[in-house]
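For clarity, every value in this text was computed on a predicted model and none was experimentally measured.
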Amino acid sequence: MSAASSEIPLPSPYVRGPLWFTLQMILQNFFCFWLGYRATGYHALEKESGALILANHQSFLDPLLVGLPLHRPISFLARETLFKVPVVGFILRKTHVMAINQEAPSSTSLRETVRALHHGFLVGIFPEGTRTHDGNLNEFKPGFAAVIRRAKRPIYPVGIAGAYQALPIKSWFIKPTRVRVVFGKPITVEELEPFTQRGQDAALVALVRERITACCEAAEGWRKTGQPPKSLP
């Protein structure tokens, strides 16, 4: 039997499972009330056939905040140790989350990520690799560049503002504060092509960081002024 034929079939990338749908309905009400949650720029993703969503990482809330406004699932990457936590591991497996060893990412993780993208899934990655300690962007890990080169799919940069204030590292309670999420204009496959050649990883990381930074600034401005951005970054 070939490797391809032994792979577990993937579900529809456009249909939320019962657990995803139920959690989303509950969290939408809670986040909109407690955090005044608002998002913009996400409508283009509803019919996108396979795309990477790259966002800043402010808190454990981030995957929920990014996926909240969409009517389809996002397959996030999460460290494999989380799958061993009771209840948490069950939820992760039922909501399309893919495990990755952050200390030694394997070819299997890369292959499964690319397979999900080619199947039509939205795949979420936090290029910083870990949550920020001060609310600012950390240095980006270059590992996501390999996914971009292999997948040849568009990238949607995302900026999250307010999640750090709501649930910083070492905090156990979600504080009431204003949270905003801005989905930027996509970086197309054509735009990415010059950066996918060997030796261009640093330039590719810089491009992605620049676009995510612009989204973060737009989200933070929206959070502070209450006025949504007039155009997407």
Asker: Return each pair, listed once, that meets side chain to side chain donor-acceptor pair (under 3.5 Å) where at least one residue sits in residues 223-233; pairs must be two or more places apart or across chains.
Answerer: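 Found E220-R223.
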Asker: Under a 4.5 Å cut-off applied to non-hydrogen side-chain atoms, are P73 and F21 in contact?
Answerer: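 No, their side chains stay 4.5 Å or more apart.
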Asker: Might you point out which heavy atoms bring I74 and G124 nearest each other, and give the distance in Å?
Answerer: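 Result for this residue pair: CG2-N, 3.6 Å.
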Asker: Any side-chain heavy atom of P127 within less than 4.5 Å of one from F144?
Answerer: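 Yes, their side chains come closer than 4.5 Å.
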Asker: Honestly, is R131 close enough over F60, meaning NZ or CZ under 6.0 Å from the six-membered ring centre and within 45° of the axis?
Answerer: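 Yes; both conditions hold, so R131 lies above the ring face of F60.
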Asker: Are the side chains of V158 and I212 in touch, meaning some heavy atoms are under 4.5 Å apart?
Answerer: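 No. Closest side-chain heavy atoms not under 4.5 Å.
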Asker: Step by step, would you call I53 with V123 a side-chain contact (heavy atoms from CB on, under 4.5 Å)?
Answerer: CA-CA 6 Å; I53 298 179; V123 173; over 6 Å; no
Asker: How close do L35 and A166 get, counting heavy atoms only, and between which atoms?
Answerer: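 Heavy atoms of L35 and A166 come nearest at CD2-CB, 3.9 Å.
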Asker: Determine whether L137 and L54 fall in the same hydrophobic cluster, where Ile, Leu, Val, Met, Phe, Trp and Tyr are linked whenever their side-chain heavy atoms lie under 4.5 Å apart.
Answerer: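 Same cluster: L137 reaches L54 through Ile, Leu, Val, Met, Phe, Trp or Tyr contacts under 4.5 Å.
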Asker: With sequence neighbours left out, write down each residue that passes side chain to side chain donor-acceptor pair (under 3.5 Å) with R16, or none if nothing qualifies.
Answerer: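 Residues passing side chain to side chain donor-acceptor pair (under 3.5 Å) with R16: Q24.
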Asker: Just list the side-chain donor-acceptor pairs under 3.5 Å for residues 87-99, sequence neighbours left out, or say none.
Answerer:
{"unit_1": "R93", "atom_1": "NH1", "unit_2": "F83", "atom_2": "O", "d": "3.3"}
{"unit_1": "T95", "atom_1": "OG1", "unit_2": "I91", "atom_2": "O", "d": "2.7"}
{"unit_1": "T95", "atom_1": "OG1", "unit_2": "L92", "atom_2": "O", "d": "3.4"}

Asker: If only atom types and distance count, is the side chain of R72 paired as donor or acceptor with the main-chain N or O of L45 below 3.5 Å?
Answerer: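 Flag set: sc R72 to bb L45 pair under 3.5 Å.
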Asker: Testing the basics here: between V182 and P233, what is the closest heavy-atom pair and its distance to 0.1 Å?
Answerer: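 Heavy atoms only, the tightest pair is CG1-CD, 3.8 Å.
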Asker: State, yes or no, whether a side-chain contact exists between L232 and F183 at a heavy-atom distance under 4.5 Å.
Answerer: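 Contact flag for L232/F183 side chains = no.
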Asker: Could I get the full list of side chain to side chain donor-acceptor pair (under 3.5 Å) partners for E210, not counting sequence neighbours?
Answerer: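 Counting only residues at least two positions away or on another chain, E210 forms no side chain to side chain donor-acceptor pair (under 3.5 Å).
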Asker: How long is the straight-line distance from CG of L207 back to CG of L192, given to the nearest 0.5 Å?
Answerer: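 Those atoms lie 6.5 Å apart.
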Asker: Using a 4.5 Å cut-off on heavy atoms from C-beta on, say whether the side chain of T40 contacts that of P229.
Answerer: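 A side-chain contact under 4.5 Å exists here.
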Asker: May I ask you to decide if the ring planes of W34 and F30 are parallel, tilted or perpendicular, using 30° and 60° as cut-offs?
Answerer: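 W34 and F30: parallel rings.
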Asker: State which residues pass ring-ring contact (aromatic ring centres under 6.0 Å, His included) with F76; sequence neighbours excluded, sorted by chain then number.
Answerer: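 Partners of F76 under the ring-ring contact (aromatic ring centres under 6.0 Å, His included) test: F126.
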Asker: Does the side chain of T132 reach to within under 4.5 Å of the side chain of H57, using non-hydrogen atoms?
Answerer: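 No, their side chains stay 4.5 Å or more apart.
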Asker: Report yes or no: does E128 contribute a side-chain atom to a donor-acceptor pair with the main-chain N or O of F140 at less than 3.5 Å?
Answerer: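 The answer is no, because no donor-acceptor pair under 3.5 Å joins these two groups.
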Asker: If you take all heavy atoms of V66 and A55, which pair is closest and at what distance?
Answerer: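 That would be CG2-CB, 4.4 Å.
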Asker: Within the structure provided, determine whether L167 and K175 are in side-chain contact (heavy-atom separation under 4.5 Å).
Answerer: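 No, too far: nothing below the 4.5 Å cut-off.
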Asker: Do Y42 and L61 belong together in a cluster built from hydrophobic side chains that touch within less than 4.5 Å?
Answerer: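 Hydrophobic grouping puts Y42 with L61.
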Asker: Over all heavy atoms of both residues, which pair between R178 and W222 is shortest? Give the atoms and the distance, please.
Answerer: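 Heavy atoms only, the tightest pair is NH1-O, 4.2 Å.
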Asker: Can you check whether H71 reaches E46 side chain to side chain, under 4.5 Å on heavy atoms?
Answerer: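 Of all side-chain heavy-atom pairs linking E46 with H71, at least one is under 4.5 Å.
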Asker: Check whether any side-chain N or O of T22 sits under 3.5 Å from a backbone N or O of L19 as a donor-acceptor pair, and report yes or no.
Answerer: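 No.
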Asker: Of all heavy-atom pairs between N56 and C216, which one has the smallest distance, and what is that distance?
Answerer: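 Nearest pair, atom of N56 first, then C216: CG-SG, 3.4 Å.
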Asker: Does anything in residues 143-158 form a side chain to side chain donor-acceptor pair (under 3.5 Å)? List the pairs, not counting sequence neighbours.
Answerer: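 As it turns out, the side chain to side chain donor-acceptor pair (under 3.5 Å) pairs with a partner in residues 143-158, which skip direct neighbours, are E48-Y156, R149-D201.
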